[in-house]
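One structure is given below, encoded as structure tokens.
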Amino acid sequence: MDKVLSFVVAAVLAGTPLLFGTLGEILTEKSGNLNLGVEGMMFMGGVAGLAGSYYYEQAVSNPNPVVSVLIAMVCAILCAAFGALIYSVLTITLRANQNVTGLALTIFGTGFANFLGEAIGNTAPSRYMAVGNVTKDAFNSGIPVLQDLPVVGKLLFSYNFMVYLGILLAIVLAWFLGRSRAGLNLRSVGESPATADAAGINVTLYKYLATCVGGGICGLGGLYIVMNSANGVGGVWVHNCVNGKGWIAVALVIFATWSPARALLGSLVFGALSVMRLYVALGIPAQIYDIFPYIATVIVLVAVSMRRKRENQPPQSLGLAYFREER
Amino acid sequence: MAAQVKAAEHREPLVRIAKRTDISRGKSWAIRAAAIVLALLLGALIMLLLGHNPFLVYADMVRGSLGTQIGRRETVKIAVPLLGAAVAIAPAFMMKFWNIGAEGQILAGGIAATYFALFWADTLPRVPLLIVMFLAAAIAGALWGLIPAFFKAKWGTNETLFTLMLNYIALGIEQYLQNGPWKDTKGTGFPIIAQFASNARLPKVLGVHAGWIIVLIFVVLMFLYLRYTKQGYEIAVVGESEATARYSGMSVPKIVMRTMCISGAIAGIVGFTVVSGADYTLNANTAGGVGFTAITVAWLAGLNPIIMVFIAAFLAILTKGSGTIQTNFSIPASVADVLTGIILFAMLGCEFFIRYRLIFRGKGEHSNG
């Protein structure tokens, strides 16, 4: 029983960065932009958030955890959104190929983060960019009092605030896309930009906003990876720390068939797969466990493409640039 | 009257975009060169912010990568897999099949070649062994490329993500082999694969392993294949419009699968040159991101294999040079990725100015004309 409980908790913790990446990319893709730069934006968000907290802690003698967390989040969102902005300018305004631009963003973001992480680390006495316990605890502690309840406490209240933020974000995004006027407009932009344009919707503005906000959300996923200490040390820059999680998030968007609610389920499943080897003994080598999430993604990809249900299909104009002059 | 003029002025936007129909080759390359210069200037700005003289840093990069014979050989060694993988990707991208799985196909080829290097080196002499390794790598790479192509052709499964996932699966298999059945039993107990026997190693030509000759042959073959053969034409048609290809009686699934076999096979052979020529062993870094960077090489070259030679050389100089400046200026070597990214952004952006021109308000040329 105890082991099952720890497994679920570990799965939730491992799934949360994927959830942020997936939600950000869902919002982006709903506008018709296929941004393959999630990995890069996660890197950018992670390093910027860590740097924000790091410099804040250096600047004051008595760092306040709330301020530190807020600075980290704002930096993460802004930096990742900046990556998304580069992507937007290139693909929306300058009409560059979305696939290649996204890949370029991943290369740039990965390099940018490793570069910055190392360069700032070089200036520190310890040679590492690391934040103190104040910030680390703020990112890793559960809900006080409630988390001490038996069973339920660990299962429901032991997570850090970003887990709850992710769940809340999924609900808000589901409401936004399904129930709000702006969400409907956004979906129409992704399905048929020409129709949306004719209906008086500002296609360019919607695409820019959705892509940049989506990028900012991905950045929070990167921040989570950097700050979370469930998989070892947290709050310190580790070379190549995102390590493919952004790409899994891109795949999870398909797994979730562009639905924020199913993204919750998907990231939990993938989180579970990624920590499974520590909890479920199948008598196979550890390296084979590691490829389970990827095999699962492949199976989902194939299954989704074979079933072809209408509501499960990608936005119609996904990956295509919109040329107003060439309607 | 005055009000009318004002109203007319208001109706015309500040900037209009018009498609260029008549840009000369020289001018389009001038725009691209300007984009690279702009990117390098941005890179210089980063170095300035770090407190270094950008001229000295760039000069050191060039000196480190081209100034000495050892440096030049290292640079070529970096360029070989990059160029090979870019050539491998070209036909797939021409077909608008977004193969971002070169990484996995390189590893698949490397794994197959390593199998023969480890277990057949005692029985086969050098030349047949190398040929067997070459062929095994090609077949393994082709199969690894065929899997996503099959599903794409049959059910339209998204190939971008499929090929990507196969990268991680190939890496997992490599890690398993390295930690399990293929672990070097005579070594220090570290999970590594043993160095190849001397007859499983590619010979050196002019100081660099013979992989560079193999890759250059593929450059020429791929150039001819894409430009002058029926199959190359079919690939271009499928890329432009699948419907057109279907109406004209081409079998799109067959073309997709065949092209991905070729693409995967070349990537697999690149894997062979890395394990047999550069590293003499297989490890997690055998592909080492080459498959991703190669995509940008291929794209920047406009999928023209001849131009890829120059772009791959340029990126190799950046990579080798970044290693040098890490030692001399303690600038992290990741700066190579940052510069590559910026150059890519600039190149992707400048294509717009090659295809379109901007017409500012009041600068003549009214569209209603």
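Chain naming here is simple, since letters A, B, ... match the order of the sequence lines and numbering starts at 1 in each.
- For A:Thr106, no part sits under 4.5 Å from any heavy atom of chain B, backbone or side chain.
- Annotation: maximal heavy-atom pairing with chain B below 4.5 Å, among A:Val302, A:Thr110, A:Leu94, occurs at A:Leu94.
- Most heavy-atom pairs under 4.5 Å with chain A: of the set B:Trp98, B:Phe353, B:Phe292, this distinction falls to B:Trp98.
- From A:Ser305, atom OG reaches atom NZ of B:Lys152 across 9.5 Å, with rounding to the nearest 0.5 Å.
- In terms of heavy-atom proximity, A:Gly111 sits nearest to B:Ser334 at O-CB, 3.7 Å.
- Interface remark: B:Ile46 contributes side-chain atoms only to the contact with chain A (heavy atom separation under 4.5 Å).
- For residues 173-180 of chain B, a heavy-atom distance under 4.5 Å to chain A picks out B:Gln175, B:Tyr176, B:Asn179, given by residue number.
- For chain B, the option among A:Leu105, A:Asn97, A:Thr101, A:Leu116 with the highest count of heavy-atom pairs below 4.5 Å is A:Asn97.
- The nearest pair of heavy atoms linking B:Met165 to A:Tyr294 is SD-CD2, 3.6 Å.
- Side-chain contact between B:Asp337 and A:Phe115 is absent, with no heavy atoms from C-beta onward closer than 4.5 Å.
- Contacts between A:Leu103 and chain B at a heavy-atom distance below 4.5 Å involve the side chain alone, from C-beta outward.
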Problem set entry | Chi angles and distances behind the side chain to side chain contact (heavy atoms under 4.5 Å, CB included) call for B:Tyr168, A:Ile291 | CA-CA 7 Å; B:Tyr168 293 107; A:Ile291 60 180; 5.7 Å; no
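- Proximity to chain A involves both the backbone and the side chain of B:Ile342, based on heavy atoms less than 4.5 angstrom apart.
- Both the backbone and the side chain of B:Leu348 come within contact range of chain A, each with at least one heavy atom under 4.5 Å from a heavy atom of that chain.
- Residue A:Glu118 comes nearest to B:Gln326 through the heavy atom pair OE2-NE2, 3.5 Å, listed as atom of the first residue, atom of the second, then distance.
- The choice from A:Asp290, A:Val89, A:Leu34, A:Asn114 that makes the most heavy-atom pairs within less than 4.5 Å of chain B is A:Asn114.
- For A:Ile86, the part sitting under 4.5 Å from any heavy atom of chain B is the side chain, from C-beta outward, and nothing else.
- Only the side chain of B:Ile100 comes within contact range of chain A, with heavy atoms under 4.5 Å apart.
- With a threshold of 4.5 angstrom between heavy atoms, B:Glu159 does not approach chain A through any atom at all.
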For this session: Before giving the answer on side chain to side chain contact (heavy atoms under 4.5 Å, CB included), spell out for A:Met306 and B:Phe151 the whole-Å C-alpha distance, their side-chain angles and the decisive distance to 0.1 Å.
Result: CA-CA 9 Å; A:Met306 280 168 71; B:Phe151 284 97; 5.6 Å; no
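- For the side-chain contact (heavy atoms from CB on, under 4.5 Å) criterion with B:Leu161, the lone passing option out of A:Leu301, A:Val298, A:Val300 is A:Leu301.
- Using a 4.5 Å cut-off between heavy atoms, A:Ile254 contacts chain B through its side chain alone, with no backbone atom that close.
- Across all their heavy atoms, B:Pro332 and A:Ala119 have their closest contact at CG-N, 3.8 Å.
- Applying the 6.0 Å contact sphere to OH of A:Tyr128 captures no more than 12 heavy atoms from other residues, nucleotides or ligands.
- Atom CG in A:Asn99 sits 11.5 Å away from atom CG in B:Asn99 (nearest 0.5 Å).
- Note that CZ of B:Phe162 and OG1 of A:Thr297 are 10.5 Å apart. Values are rounded to the nearest 0.5 Å.
- The candidate with the highest count of non-hydrogen atom pairs below 4.5 Å against chain B, out of A:Phe112, A:Phe108, A:Tyr87, A:Phe292, is A:Phe108.
- Of the two parts of A:Ile288, only the side chain, counted from C-beta on, holds a non-hydrogen atom closer than 4.5 Å to a non-hydrogen atom of chain B.
- Heavy atoms closer than 4.5 Å to chain A are found in the side chain of B:Leu164, but not in its backbone.
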